[in-house]
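Reading through the structure tokens given below for one structure.
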Amino acid sequence: MEITDQQWKEPDGRQLLACFLHAQDEDRRRLARQLHDTTVQALTALRLKLGLLLDSQLANLESTGEKLLRDSIRLTELCADQIRTLTNMLHSPILDELGLVGALHEHVDFFTRQSGIKVKLELMPGIDRLPAEVELALFRILQECLTNIHRHSGSRTASVRLERNLDEVRLEVRDSGSGMCLAVSEPGSGPGAGKTGIGIASMRQRTSQLGGRLEVSSCPGNTVVRTIIPLETTGNGRNRPTPTC
Ligand SMILES: Nc1ncnc2c1ncn2[C@@H]1O[C@H](COP(=O)(O)OP(=O)(O)OP(=O)(O)O)[C@@H](O)[C@H]1O
Ligand SMILES: [Mg+2]
């Protein structure tokens, strides 16, 4: 999907992006569930059968046959692990079950394992469960921020801070890398402004849809992406209209 600068400045362009994000969330959720329910189950069954075959035939097998079978078991486990990782990236089941705090822990650990970037995670007390839309938006924003840090910043460390008071919830993601150019970090910059990419525009869209704001400040050695979402107007979050596409 291509959104030109001009379209982005118009309500239609933002509506288009809102629809795109909504459809993308739904697709990811569906795909993750499908992979989990079909491919992961099939691989688990295959692993079980290979294990049974090995146990029952061990006495009759030549060493080459045993090695082949053990390699096949290892490969099956590897495939299942890779698909589990993929499904978690597509849609975190932990987000649904345990909420944002659990999902942030899990994703930060996963990110550090994959990237080698050390992340300090500060979760202030009393966060509790938030409205579902707020949790999903903050989780996606965290994913995008960390991906950006890995891809663009060159920073070896990052920090994530989440706090909540009666009125609002704040997520702050910071890195000490190269910094981003002004055209990208300025509010109003959409896809096509400055460098390419839909990540920051999507973060802004998700935030503004919930009545909040995204603040990006950046200079070499200190880039901060701060998301602030009000809670008083969000109620339980279940009645918020989804974009009409
Ligand atoms: N933490 C960061 N440090 C340095 N530069 C950054 C950082 N985050 C973003 N940028 C810069 O801002 C640009 C826009 O980021 P954005 O996430 O919108 O797009 P992208 O990452 O290039 O592509 P996409 O997110 O669509 O895959 C990036 O191309 C990069 O130049
Ligand atoms: Mg990006």
Side-chain angles (χ1 to χ4, degrees), residues 1-10 13-28 31-32 85-86 88-92 103-104 107-122 136-162 170-210 212-229 243:
M1 186 181 70
E2 192 174 311
I3 305 177
T4 64
D5 260 357
Q6 190 50 39
Q7 281 174 320
W8 169 250
K9 286 176 193 139
E10 292 162 4
R14 289 196 289 274
Q15 175 72 4
L16 205 59
L17 183 56
C19 289
F20 168 73
L21 292 174
H22 179 66
Q24 194 185 46
D25 284 339
E26 286 304 306
D27 270 356
R28 285 175 170 183
L31 187 58
T85 303
L86 180 67
N88 278 349
M89 277 161 62
L90 286 168
H91 181 79
S92 164
L104 291 192
H107 187 68
V108 161
D109 283 353
F110 166 75
F111 174 78
T112 297
R113 278 199 309 278
Q114 298 288 313
S115 67
I117 296 174
K118 232 175 137 189
V119 182
K120 180 178 167 202
L121 179 60
E122 281 183 280
L136 180 61
L138 290 174
F139 183 69
R140 291 280 181 235
I141 288 170
L142 175 86
Q143 279 185 314
E144 178 59 31
C145 284
L146 291 181
T147 303
N148 276 350
I149 290 170
H150 182 42
R151 282 176 64 196
H152 307 300
S153 76
S155 183
R156 300 308 303 151
T157 56
S159 67
V160 175
R161 182 185 165 92
L162 181 70
R170 282 172 170 254
L171 175 73
E172 195 177 280
V173 185
R174 188 182 288 266
D175 71 74
S176 53
S178 58
M180 64 180 93
C181 74
L182 194 64
V184 173
S185 58
E186 268 176 354
S189 57
K195 303 227 176 117
T196 56
I198 204 174
I200 292 176
S202 303
M203 293 195 253
R204 285 197 197 289
Q205 178 60 39
R206 287 186 189 278
T207 311
S208 77
Q209 232 171 284
L210 295 165
R213 63 186 192 280
L214 189 87
E215 297 171 355
V216 182
S217 67
S218 185
C219 63
N222 191 26
T223 293
V224 188
V225 178
R226 198 173 289 118
T227 310
I228 299 134
I229 297 180

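Since we're looking at a predicted model, the values are computed, not measured. One-based numbering, in listed order, for ligands and for the atoms of each. We count residues from 1, following the sequence as given.
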Q. So is Gly177 close enough to ligand 1, meaning a heavy atom under 4.0 angstrom away?
A. no

Q: Without swapping roles, check the side chain of Arg204 against the backbone of Leu214 for a donor-acceptor pair under 3.5 Å.
A: yes

Q. Nearest to atom 30 (C) of ligand 1 by heavy atom, His152, Arg174, Arg204, Met203: which?
A. His152

Q | Under 4.0 Å to a heavy atom of Gly179 - the qualifying atoms of ligand 1, by number | A | 4 (C), 5 (N)

Q: Check each heavy atom of Thr147 against ligand 1 and say whether those closer than 4.0 Å belong to the side chain, the backbone, both or neither.
A: neither

Q: State whether the shortest distance between N or O atoms of Ala201 and N or O atoms of ligand 1 falls below 3.5 angstrom.
A: no

Q) Taking the side chain as C-beta and beyond, is there a heavy-atom pair between Cys145 and Leu142 under 4.5 Å? A) no

Q. Any N or O of Gly199 that comes nearer than 3.5 Å to an N or O of ligand 1?
A. yes

Q.
A side-chain contact here means heavy atoms from C-beta on lying under 4.5 Å apart; do Val224 and Glu172 qualify?
A. yes

Q. Would you say Glu144 and ligand 1 have an N/O pair spaced under 3.5 Å apart?
A. yes

Q: Look only at interatomic distance and state if Arg151 has a nitrogen or oxygen under 3.5 Å from any nitrogen or oxygen of ligand 1.
A: yes

Q. So, does Ser218 use its side chain to make a donor-acceptor pair with the main chain of Met180 at under 3.5 Å?
A. yes

**Q.** 4.5 Å side-chain heavy-atom contact, Thr223 and His152
**A.** no

Q | the Mg ion (ligand 2): angle it makes with OD1 (Asn148) and OE2 (Glu144), nearest 10 degrees | A | 90°

Q. Would you find a donor on one side and an acceptor on the other, under 3.5 Å apart, between the side chain of Thr112 and the backbone of Ile117?
A. yes

(Q) If only side-chain N and O atoms count, and only distance matters, is there a donor-acceptor pair under 3.5 Å linking Arg140 with Gln143? (A) yes

